[in-house]
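A short write-up of the structure that comes next.
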Amino acid sequence: MTDDDLIAAARDAAAKSYSPYSGFPVGAALRFADGSVVTGTNIENASYGLALCAETVAVSKAMADGVRGGLVAVAVTGPGDEPITPCGRCRQVLNELAQLGGTDPDILCVGPHEVRRLRLSELLPHAFGPASLT
């Protein structure tokens with residue numbers, strides 16, 4: 001799967017968003033070393049603090065299926081004129097999955113005219129993770 005395919009998967013996920021309050025549909029797609037892809041979309045709630053971000057949904061789906069590492073790339077897309085980046089909580093959630101496999105995945109922050117490619121370690125330097133607890 002190419003980066004363009006991964007971005008398309010994230011856009012497809014965003015189209016399934018449940019975002020009636022913000023009107024800000026976000027999609028995420030995670031690519032693993034074995035070539036598999038898991039997607040997620042944001043799911044809002046009338047109790048705003050209970051909303052789930054697209055990246056968190058995707059990581060939850062992967063973990064529920066037993067995936068514990070091998071994360072090599074993530075694409076995140078949403079509306080607006082600028083590339084979207086994962087929020088702080090999502091950076092931490094992605095870091096947990098990445099550290100379980102010892103990876104530093106590419107994060108493709110997708111906008112309408114630009115894709116910014118960053119490493120997770122650039123978005124979350126000096127991260128706290130599973131290794132911090134030993």
Side-chain angles (χ1 to χ4, degrees):
M1 170 173 275
T2 68
D3 287 348
D4 288 340
D5 294 332
L6 191 67
I7 291 167
R11 286 186 171 134
D12 287 345
K16 298 175 182 123
S17 170
Y18 178 71
S19 49
Y21 308 108
S22 71
F24 198 87
V26 177
L30 315 178
R31 181 172 60 220
F32 294 89
D34 66 2
S36 64
V37 173
V38 178
T39 62
T41 189
N42 58 325
I43 302 167
E44 295 182 348
N45 189 285
S47 177
Y48 296 143
L50 298 180
L52 300 171
C53 296
E55 302 91 328
T56 301
V57 169
V59 168
S60 297
K61 286 171 59 178
M63 296 280 266
D65 287 343
V67 177
R68 297 290 187 270
L71 183 63
V72 295
V74 177
V76 182
T77 185
D81 295 330
E82 294 293 320
I84 186 171
T85 63
C87 72
R89 176 176 179 242
C90 288
R91 293 173 194 201
Q92 182 64 38
V93 169
L94 289 166
N95 178 68
E96 181 85 10
L97 181 57
Q99 281 196 12
L100 290 175
T103 61
D104 187 12
D106 284 328
I107 309 297
L108 306 175
C109 305
V110 181
H113 310 291
E114 177 186 3
V115 175
R116 291 186 191 143
R117 178 186 301 271
L118 301 164
R119 289 286 188 180
L120 181 57
S121 61
E122 293 176 275
L123 289 171
L124 189 65
H126 313 289
F128 182 89
S132 303
L133 297 174
T134 59

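Quick caveat: nothing in here was measured; it's all calculated off a predicted structure.
- Between Cys53 and Cys90, the shortest heavy-atom contact is CB-SG, 3.2 Å.
- Of the possible polar contacts, one joining the Glu122 side chain to the Arg119 backbone as a donor-acceptor pair under 3.5 Å is found.
- Within the 4.5 Å cutoff, the side chain of Glu96 has no heavy atoms near those of the Val59 side chain.
- Closest approach of Gly129 to Gln99, counting heavy atoms only: CA-OE1, 3.3 Å.
- Ile107 and Val67 end up in the same hydrophobic cluster when Ile, Leu, Val, Met, Phe, Trp and Tyr side chains are linked at under 4.5 Å.
- A donor-acceptor pair is defined here as one N or O able to donate and one able to accept, closer than 3.5 Å; such a pair exists between the side chain of Asn42 and the backbone of Val26.
- Hydrophobic clustering (side-chain heavy atoms under 4.5 Å, transitive across Ile, Leu, Val, Met, Phe, Trp, Tyr) keeps Ile7 apart from Ile84.
- The heavy-atom pair separating Pro83 from Cys109 by the smallest distance is CB-O, 3.2 Å.
- Side-chain contact between Leu100 and Met63 is present, with heavy atoms from C-beta onward closer than 4.5 Å.
- In this structure, CG in Leu120 is found 9.0 Å from CD in Gln92, a value given to the nearest 0.5 Å.
- The closest side-chain donor-acceptor pair between Arg116 and Thr85, if any, does not fall under 3.5 angstrom.
- Using a distance-only test at 3.5 Å, with no hydrogens or angles considered, a donor-acceptor pair links the side chain of Asp34 to the main chain of Ser36.
- Residue Phe24 forms a side chain to side chain contact (heavy atoms under 4.5 Å, CB included) with just one option from Pro79, Ser19, Ser17, and that option is Pro79.
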(request) Just do the side-chain contact (heavy atoms from CB on, under 4.5 Å) check on Asp12 and Thr39 with the steps written out, would you? (result) CA-CA 9 Å; Asp12 287 345; Thr39 62; over 6 Å; no
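- Distance alone, capped at 3.5 Å, is enough to place a donor-acceptor pair between the Asp5 side chain and the Thr2 backbone.
- What you find for Phe32 and Val38 is that their closest heavy atoms are CE1-CG2, 3.9 Å.
- Taken to the nearest 0.5 Å, the OG atom of Ser121 stands 12.0 Å off from the CZ atom of Arg91.
- In this structure, Leu71 is a member of the same hydrophobic cluster as Leu123, with clusters built from ILVMFWY side-chain heavy atoms closer than 4.5 Å.
- The NE2 atom of His113 lies 6.5 Å from the CG atom of Asp81; values are rounded to the nearest 0.5 Å.
- Hydrophobic cluster membership differs between Leu52 and Val76, with clusters built from Ile, Leu, Val, Met, Phe, Trp and Tyr side chains linked at under 4.5 angstrom.
- Looking at Arg31, its side chain never comes within 3.5 Å of a backbone N or O of Leu6 through a donor-acceptor pair.
- A single hydrophobic cluster is not seen to contain both Leu94 and Val72; linkage of ILVMFWY side chains at heavy-atom distances under 4.5 Å, directly or through other members, places them apart.
- The two residues Arg117 and Asp106 make their nearest non-hydrogen contact at NH1-OD2, 3.1 Å.
- Closest of all the heavy-atom pairs between Pro25 and Ala14 is CB-O, 3.5 Å.
- Checking Asn45 against Ser47 by side-chain atom types alone, no donor-acceptor pair falls below 3.5 Å.
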